[in-house]
Protein chains: 2
Amino acid sequence: MAKAPYHHGALREALLEAAEKLLREEGLSALTLRAIARAAGVSHGAPAHHFEDLSALLSELAAVGFRRLVDQLAAARETRGKVSFPLPKAYLSFAMANRELFALMFREERLDARRPSLLEARAAAIALLSQSLGVKAHGTPAGGPSLKELGAMTAAWSLTHGFTVLAIDGRLAPLLRAAPSGTAAEALLEAALGATALVGRT
Amino acid sequence: MAKAPYHHGALREALLEAAEKLLREEGLSALTLRAIARAAGVSHGAPAHHFEDLSALLSELAAVGFRRLVDQLAAARETRGKVSFPLPKAYLSFAMANRELFALMFREERLDARRPSLLEARAAAIALLSQSLGVKAHGTPAGGPSLKELGAMTAAWSLTHGFTVLAIDGRLAPLLRAAPSGTAAEALLEAALGATALVGRT
DNA sequence: GAGCTTAACTAGACAATGTCTAGATCCATA
DNA sequence: TATGGATCTAGACATTGTCTAGTTAAGCTC
């Protein structure tokens, strides 16, 4: 077993991986700087050379999450026509498969709101959702989209995000129990979207 | 100026009020047990006689939030017919007026999920929403509500919650800027709900 | 290669935090 | 008035994020 070299070589990535593992296995509150450093096998001061502080590290992890979400949404977009509501379903399944990471992505108090990589990754996700769920790419007549168009887009986004947040917090469990037996979260999401007449947009 | 008596007399309530003030003025991360004790003018050990630990105190504060939300939702329900979408609007305006408290109410990692008062207060809020937004009180034909009915209710709830969460995180600002000038969050919420064919339910 | 610069890392310190314990205070009831 | 018990203080402890000083070694220049 090779002993650890003084210089790690790829500590930045190792820290992000260790943090994600910790997050997945022990939850949000296990994400301390020192625990992450321990998991990566370095001293508690080492992370400072790669991240100014804890919020910087967590922001970078959240950015990774947003990038992964974008990838999955983009892939889902390709299935348009074959599957109903591909984007909302992809959004939900990303969150279900990465519960704690998804939660972190929306814990503003633990992130550095100014970090460019986070801003960019999040903006990319929002841009993808916006153009897929609503605002048409081929220009709007004059002075931006109408309130009606924005409303439809906002509805699709809000419903999807709200459903997902409630689902990962376990708040939908009673509804699923009340539903015809065997109804999974995705089916309830489909039913919710189906009730809104937003069909063409998602 | 009367000097502080050894026995506070109503420390439990004082702690909750101090915590809410701190929360409102300095945000979620200022909510430490010692800071709350300082704000209430007692030693850092005093809270232990009223709350087992920090998460118990925060859970009680969250419960207060849910009870207040219930009151406001109940009041809004009385305006049915006069105002469109009274419950979603009340939900949004509660969150806008109590941003940090609303956030705390959904920070599972800082709460004690088993605390009865929190469970009850939250259940009351959900019950009020459920019966107002969807599932009819006058019984369902057989074996619970249909998936279609549940879907409509879930849609209204998810949309409202999702919109609210996105709004207090500032995520809707770009949409509001794109909207006809002067559009406020509530108007966008109304537009979103208006786009969904859920009119009769909210 | 030798020497030097500098990034990467360790180790120790510090204030702050949550929780525990021992002891001080004082209210209520007998 | 005594005494039991709830309320509160003060100090301790391990843990946390961040800082600083010093150590290691990788990479560049000559």
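Each chain gets a letter, A, B and so on, in the order the sequences are listed, and its residues count up from 1. Keep in mind that what you see is a predicted model, and the values were worked out from it rather than measured.
- Each of A/H49 and A/H44 has a nearest nucleotide on DNA chain C; the 5'-most of these lies closest to A/H49.
- In this structure, A/L54 and B/R34 both approach DNA chain D, and ranking their closest nucleotides by distance from the 5' end singles out B/R34.
- One interatomic measurement links the two molecules: CG of A/L31 to C1' of D/dT15, which rounds to 16 Å at whole-angstrom precision.
- Separating the CG atom of A/L33 from the P atom of C/dT17 is a distance of 18 Å, rounded to the nearest angstrom.
- Counting to the nearest Å, the P atom of D/dT7 and the CD atom of B/E52 are 14 Å from each other.
- Atom CZ in A/R110 sits about 12 Å away from atom P in D/dT16, given to the nearest Å.
- The closest donor-acceptor contact from the side chain of A/K89 to the backbone of A/L189 lies at 3.5 Å or more, if one exists at all.
- With hydrogens and angles disregarded, a donor-acceptor distance shorter than 3.5 Å links the side chain of B/R110 to the backbone of B/L28.
- In plain terms, the two heavy atoms of B/A178 and A/L150 that are nearest each other are C-CD1, 3.9 Å.
- Relative to the side chain of A/V42, the nucleotides C/dG18, C/dT10, D/dT9 differ in distance, and C/dT10 lies closest.
- Side-chain atoms of B/T154 never come within 3.5 Å of backbone atoms of A/A192 as a donor-acceptor pair (strictly under, hydrogens ignored).
- Going from atom CG of A/L58 over to atom P of D/dG17 covers 9 Å, rounded to whole Å.
- Regarding contacts with the backbone of C/dT17, a side-chain N or O of B/T32 is found under 4.0 angstrom from either OP1 or OP2.
- Although no hydrogens or angles enter the test, the distance criterion places no donor-acceptor pair under 3.5 Å between the side chain of A/T79 and the main chain of A/K82.
- Nearest nucleotide to the side chain of A/H50, out of C/dA8, D/dT16, C/dG18: C/dA8.
- Note: CG (A/L15) to P (C/dA8) measures 12 Å, nearest angstrom.
- Per the geometry, CG belonging to A/L11 stands 19 Å off P belonging to D/dT24, to the nearest Å.
- In this structure, B/D112 places its CG atom 16 Å from P of C/dG18, rounding to the nearest Å.
- Contacts of A/R38 with the nucleic acid, taken as non-hydrogen atoms under 4.0 Å apart, involve only primed sugar atoms and P, OP1 or OP2.
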